[in-house]
Amino acid sequence: MTGHGGKGFSTRAVRAGERTDPETGAVVTPIYETAVFAFSSTQQLVDAVSEKSSRDVYTRWSNPTITAAERKIAELEGAEDCAVFSSGMAATSTAIISLVSPGDHIVSTRDLYGGTLDFFTNLMSRFDVRTTFVEATNVSEIESAVRKNTKLLFLETPTNPTLKLVDLSKVAEISRNSGAKVLVDNTFATPYNQQPLRFGCDATIHSATKYLVGHSDVTAGGIAGPKELIGPMKKLRRVLGGVLDPHAAWLLLRGMKTLALRMEKHNLNGQQVAEYLESHPKVERAYYPGLSTHPQHSLAKRQMKGFGGVLSFELKGDLNHTIRFVDSLKLALIGASLGGTETLVSQPSRATHYFMNPEERRKAGISDSLIRLSLGIEDADDIISDLAQAFDRI
Ligand SMILES: *Cc1c(COP(=O)(O)O)cnc(C)c1O
């Protein structure tokens, strides 16, 4: 397991973290599907427990297949260390609990993954940790929300579902001046398109369920950053228990090997479909950072290498037209996730934001005619033909 720090992204994606089995020469990292590791003496066990040796003891603490996945994510993000979890929410919740105590304050973007929003508003608040929600695109609003007791700036960029961007280097500067840590949920962009640590952010969080796994077949999460931050999160993971199963870790390892190839295709499909939608007479507007009409397109070009496979758009029409359009799609599957090889479609007002009251939804910019697409890696022409026949039905 040597570092591949100086190597290109694809080389790291394929090779980082992988262990060629010394006994058999097996090229692929084995699945260590074991809960416990045996020792030849009590002293050996004591050395492992006291971290005098780096031997694994118990899979809730560490496991070689999980460690391999952690190395790979760390090297892709340009981070020193990474902790992998059983889901993106296990990563997010464990990371945040590790950084705040009662009386502390969090500043977060208003546009936020639903589970994270729920965690801040309904759980952290019970432990006297308050969160101020700010407009993602407004750096000065972020800056003025920071107080003496602000320990954490939490953000997503691009945001869900309207693909707003947060200026990473400006937020990193705010965090340096205030001493608060800045965590970036990098799920939508992936380290292929955006590496927040390069801009001075402290750590990146992933719902690895999405692009890192890439095949809609595993739930997993991760957080990558410096050892001093990730170490305590790994300790907390032992207590909270959100550990990834070794078999799932192996699927995550396998998925990440093709991350660059998949993201290139997601980026191409995203751009092509966004341009098609933007010029379609039945579309009110399209949201995609790669469009030159995106209000933050120049920031997108500065901090992202590509713009990903998620986009959204508003139909000209009401809720019924929108449902009819979505239900007419044949290739795109109706599903409330993203980042897989197959194209998924969902209406935020009928899925992720269904339980928000209509007024709140309007404020968040989620109209009844908003549709989100997670473009897979199918041929763009086929995705566009599918959209075209659905437009003909409304
Ligand atoms: C899906 C998602 C999560 C939660 O991840 P799970 O793996 O479903 O727990 C967090 N953040 C973003 C941006 C997501 O899309």
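Counting starts at 1 for both ligands and their atoms, following the listed order.
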(request) If you have a sec, work out which protein heavy atom is nearest atom 7 (O) of ligand 1 and how many Å separate them, to one decimal? (result) Thr209 OG1, 2.6 Å
(message) Just to confirm my output: which protein heavy-atom neighbour is closest to atom 14 (C) of ligand 1, and how far is it?
(response) Lys210 NZ, 3.0 Å
(request) Within a distance under 4.0 Å of any heavy atom of Gly88, pick out the atoms of ligand 1 and give their elements. (result) 5 (O), 6 (P), 7 (O), 9 (O)
(request) Let me know which of Leu375, Leu277, Asp381 forms a side chain to side chain contact (heavy atoms under 4.5 Å, CB included) with Gln272. (result) Asp381
(message) Starting from atom 8 (O) of ligand 1, what is the nearest protein heavy atom, named by residue and atom, and what distance separates them?
(response) Tyr113 OH, 3.9 Å
(message) I'd like to know whether ligand 1 has Asn160 as a neighbour, heavy-atom separation below 4.0 Å.
(response) no
(request) Taking atom NZ of Lys316 as the centre, report whether more than 12 heavy atoms of other residues, nucleotides or ligands fall under 6.0 Å from it. (result) yes
(message) One residue to check: Ala220. Relative to ligand 1, which of side chain, backbone, both or neither has a non-hydrogen atom less than 4.0 Å away?
(response) backbone
(message) Any salt bridge linking Glu135 with Lys164? Criterion: basic side-chain nitrogen under 4.0 Å from a carboxylate oxygen.
(response) yes
(message) Suppose we measure from atom 5 (O) of ligand 1 to each protein heavy atom; which comes out shortest, and what is that distance?
(response) Ser207 OG, 2.9 Å
(request) In plain terms, say whether Asp167 and Arg302 are close enough for a salt bridge, that is, a side-chain N and a carboxylate O under 4.0 Å apart. (result) yes
(message) Any carboxylate oxygen within less than 4.0 angstrom of a Lys/Arg side-chain nitrogen, looking at Glu70 and Arg237?
(response) yes
(message) Assess whether a salt bridge exists between Lys170 and Glu173, defined as any Lys/Arg side-chain N lying under 4.0 Å from an Asp/Glu carboxylate O.
(response) no
(message) What protein heavy atom lies closest to atom 9 (O) of ligand 1? Include the residue and the distance to one decimal.
(response) Met89 N, 2.8 Å
(message) Between the side chains of Asp128 and Arg130, is the shortest nitrogen-to-carboxylate-oxygen separation below 4.0 Å, so that they form an ion pair?
(response) yes
(request) Take every heavy atom of Ser337, measure it against each atom of ligand 1, and state whether any distance is under 4.0 Å. (result) no
